[in-house]
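Worksheet: one structure, shown below.
These values consider heavy atoms only, across backbone and side chains, with no hydrogens, waters or symmetry-generated copies. Here, residue 1 is the first one in the sequence, and each next residue gets the next number.
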Amino acid sequence: MSLRRRGLLALGAIFPLAVRAAEPAPHRRRNPPVAIRPDPAMPFSSQLAQALSAPGRASILFDDPAGDPSRPVTLHAYRPEGWRPDGQVVLVMHGMGRNGDEYRDFWIEAAERHKLLIVAPTFPAHLFPGPETYNNGYVLAEDGSLRRPEWRGYRIPARVVMALREAGLSTRPKVLIFGHSAGGQFLHRLLSTEPSDLFEAAMVGNPGWFTLPDLGRPFPAGLGGIGTTEADIARLFAFPMTILSGEADTETSGPSLPSQPEAVAQGPHRFARALYYFEYGQAEAKRRGLPFNWKRVTVPHIGHDGAAMSRAAASLWLEGQLPPDALLAEWGRTREGAL
């Protein structure tokens with residue numbers, strides 16, 4: 001047995017979730033699994049309950065009565081052995097690869113160990129092309145006008161939670177929600193513009209840039225022009241949002257790093273932009289005399305890696321701490337990754 005393997009096994013006595021996650025990942029699928037197409041003649045709640053009735057992976061198109069019927073999202077889910085409806089649900093928002101099935105899989109070990117129901121609402125690229133229709137919530141139409149509010153992408157996660165309740169899959173009053181990269185952009189903008197009553201806490205991992213809590217700047221640089229109010233900003237500051245930053249996410253160029261002037265003004269790379277956003281929000285909350293419940297947690301050795309950041313988030317939420325430094329260093333070297 002190698003010294004590295006012995007070291008990981010020793011850490012496993014204390015951090016079993018993290019060590020199992022360090023095992024070699026299976027070869028990734030080039031194409032996502034085929035999702036179940038709901039029968040319009042049957043209630044969606046019963047079909048969702050059936051799709052997630054057995055332990056393991058499941059994929060089903062979301063029959064969203066309030067959503068844009070021409071742009072359905074797919075729910076990639078994982079139900080662990082021993083799942084109970086009063087257990088913890090985690091919604092997972094994927095990155096620019098629109099690979100919700102992979103992001104769901106990043107959480108499977110945590111799901112089995114802690115009996116979590118994982119649901120990854122997935123916005124397929126052929127229906128939601130570009131950052132405007134996913135990262136930016138499809139709030140604005142191509143001509144800059146406001147689209148129907150109920151068709152905003154930011155309203156979909158809450159409707160997914162309600163669908164899980166209607167299907168009898170969850171009785172828990174609130175769920176956890178995580179997003180990485182483009183999913184982190186999506187998530188912090190959701191929390192900036194929509195009610196957060198159904199979410200217990202959120203972790204926003206490695207976004208490329210941020211929408212500032214400023215009604216004087218037009219969306220998406222700020223929150224102006226889309227109906228957001230001071231009350232929305234106060235709710236955002238009070239929400240328990242964690243800005244999760246990989247300390248090695250410091251690339252200053254690349255096709256996935258936003259490079260428009262508003263993004264560059266926040267810093268040269270994602271790690272710096274996260275600090276800028278956190279400090280901006282902190283200063284604005286103080287200026288307004290408002291409660292501020294955000295946290296910023298940095299993850300040593302990890303760059304722009306959806307797998308490692310998912311495992312770090314799971315460890316923080318469910319084990320109360322980051323995985324040990326030696327294990328994070330190993331993840332940083334192997335760079336399993338995913339945008």
Checklist entry - Say you draw a straight line from OG of Ser59 to OH of Tyr78; how long is it, rounded to the nearest 0.5 Å? => result 13.0 Å
Checklist entry - Got a second to check how far Trp294's CH2 is from Glu279's CD, nearest 0.5 Å? => result 11.5 Å
Next on the checklist: Can you list everything that forms a side chain to side chain donor-acceptor pair (under 3.5 Å) with Arg71? Sequence neighbours excluded, please.
Outcome noted: Asp68, Tyr138
Checklist entry - Measuring from Phe219:CZ to Leu146:CG, what's the distance to the nearest 0.5 Å? => result 10.0 Å
Next on the checklist: Treating Asn206 as the side-chain partner and Gly246 as the backbone partner, does any N or O pair qualify as donor plus acceptor under 3.5 Å?
Outcome noted: yes
Item to check | Closest non-hydrogen atom pair, Leu61 against Pro38 | outcome: O-CG, 3.2 Å
Checklist entry - Taking only residues two or more places apart in sequence, or in another chain, which ones meet Trp83 in a ring pair (Phe, Tyr, Trp, His ring centres under 6.0 Å)? => result none
Item to check | All pairs passing side chain to side chain donor-acceptor pair (under 3.5 Å) where residues 45-54 contributes a residue, at least two apart | outcome: none
Checklist entry - Which atom names give the shortest non-hydrogen contact between Ser310 and Phe178, and what distance separates them? => result OG-CE2, 3.4 Å
Next on the checklist: So that I can tick it off, tell me whether Asp101 and Arg104 are bridged by a salt bridge, with the cut-off set at under 4.0 angstrom between side-chain N and carboxylate O.
Outcome noted: no
Item to check | From Phe278, Phe239, Tyr280, residue fulfilling ring pair (Phe, Tyr, Trp, His ring centres under 6.0 Å) relative to Phe292 | outcome: Phe278
Item to check | Aromatic ring pairing Tyr277/Phe210, orientation class (parallel under 30°, perpendicular over 60°, tilted between) | outcome: parallel
Item to check | Sidechain N-carboxylate O distance under 4.0 Å for Asp86, Arg172 | outcome: no
Checklist entry - Which is it for Tyr276 and Leu212 under the side-chain contact (heavy atoms from CB on, under 4.5 Å) test, yes or no, and what are the steps along the way? => result CA-CA 10 Å; Tyr276 181 94; Leu212 299 178; 4.0 Å; yes
Next on the checklist: Check this for me: does any side-chain nitrogen of one of Glu230 and Arg288 sit under 4.0 Å from a carboxylate oxygen of the other?
Outcome noted: yes
Donor-acceptor pairs under 3.5 Å, side chain of residues 193-201 to any protein atom, not counting sequence neighbours: which ones?
| from | atom 1 | to | atom 2 | distance (Å) |
| --- | --- | --- | --- | --- |
| Thr193 | OG1 | Arg189 | O | 2.8 |
| Glu194 | OE1 | Arg155 | NE | 3.1 |
| Glu194 | OE2 | Arg155 | NE | 3.1 |

Next on the checklist: Show, in sequence, the C-alpha distance, side-chain angles and deciding distance for Arg270 and His304, and conclude whether the side-chain contact (heavy atoms from CB on, under 4.5 Å) test is met.
Outcome noted: CA-CA 9 Å; Arg270 294 181 182 88; His304 202 63; 3.0 Å; yes
Item to check | Test ring pair (Phe, Tyr, Trp, His ring centres under 6.0 Å) applied to His94 - qualifying residues, sequence neighbours left out | outcome: Tyr134
Checklist entry - Considering residues at least two apart in sequence or located in another chain, which fulfil the ring pair (Phe, Tyr, Trp, His ring centres under 6.0 Å) criterion with Phe271? => result none
